Amino acid sequence: MRILLVEDDPDLAEAVTRRLRRQGHAVDWQSDGRAAFEVLGYEPFDLLLLDIGLPGMDGLTLLTQLRRQGNKTPVLMLTARADIEDRVNALDVGADDYLDKPFDFRELDARCRALLRRPQGQASGVWEVGGLRIDSAARKVSWQGDDLDLPNREFSLLEVLVGRMGRVVSKEDIASRLFNFDEDVGLNAIEVYVGRLRKKLAMSQLRITTVRSVGYRADVQADVPAQEGAAVPPAQA
Ligand code: CA
């Protein structure tokens with residue numbers, strides 16, 4: 001998923017960015033509130049992690065303006081533990097949740113997961129589709145009880161497609177959710193990832209259809225023969 005972190009403490013920002021990237025998210029970092037607000041004007045994100053005290057524009061003002069523009073990106077506000085007013089203000093201006101600093105990274109993970117599944121109408125974080133069990137907390141996919149070997153990027157791709165089941169997702173949209181600004185990735189890299197994912201899921205009823213010159217669509221199809229190049233689960237590491 002695509003995450004924007006707006007935080008002016010470089011050590012904290014680096015630690016959060018590293019952790020979220022390791023989980024397969026495409027993370028961009030901005031330290032200035034005004035610069036972040038501009039980026040949010042033209043780039044879609046699945047989640048915004050927003051500090052309050054920021055140079056350029058403070059987090060509460062940023063969020064107020066963002067919501068006024070109709071931007072509904074889920075926002076996790078990073079607040080100061082001692083300051084109850086910050087928390088109340090954050091929720092009042094449209095934050096979806098807050099996390100007190102200093103925080104435990106496991107709590108950050110859990111709150112991020114909860115907010116990332118919200119727009120997809122997911123209550124539990126586990127999908128059962130086409131015979132597959134997709135657990136977004138554990139970042140694991142299994143088929144008939146066997147774990148499949150999906151690297152982070154392929155797992156994220158699966159989440160993006162299954163999160164918008166039955167709808168076409170453009171290659172540009174997929175790229176923006178799998179890669180951050182610094183990763184210069186051509187759209188044919190997306191084709192490669194889709195190709196690998198298709199092979200690994202070929203024994204399931206989940207089908208990833210190419211919609212020519214637009215993108216891809218995931219559907220569950222019963223009674224279709226296995227796709228060419230079907231892998232025999234469990235996939236070897
Ligand atoms: Ca700060």
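When a ligand or atom number is given, it counts from 1 through the structure's own listing order. Keep in mind that what you see is a predicted model, and the values were worked out from it rather than measured.
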Exercise for the section: Report yes or no: do Val168 and Leu197 belong to one cluster of Ile/Leu/Val/Met/Phe/Trp/Tyr joined by side chain heavy-atom distances under 4.5 Å? Expected result: no

Handout entry: Residue Arg139 excluded, over 12 heavy atoms near CZ under 6.0 Å
Key = yes

Practice task
Provide the protein N, O or S atoms situated under 3.0 Å from the Ca ion (ligand 1); waters are not included.
Solution key: Asp8 OD1, Asp51 OD2, Gly53 O

Problem - Inter- and intrachain pairs under ring-ring contact (aromatic ring centres under 6.0 Å, His included), touching residues 93-112, at least two apart - result: Phe103-Phe105

Practice task
Count the heavy atoms of every other residue, nucleotide or ligand shown that sit under 6.0 Å from NZ of Lys101, and state whether that count exceeds 12.
Solution key: yes

Output side-chain donor-acceptor pairs under 3.5 Å for residues 73-80, partner residues at least two apart or in another chain, one line each.
unit_1	atom_1	unit_2	atom_2	d
Thr73	OG1	Asn71	OD1	2.6
Thr79	OG1	Leu99	O	3.3
Thr79	OG1	Asp100	OD1	2.9

Completion exercise
Apart from Val192 itself, its cluster of hydrophobic side chains linked below 4.5 Å comprises none

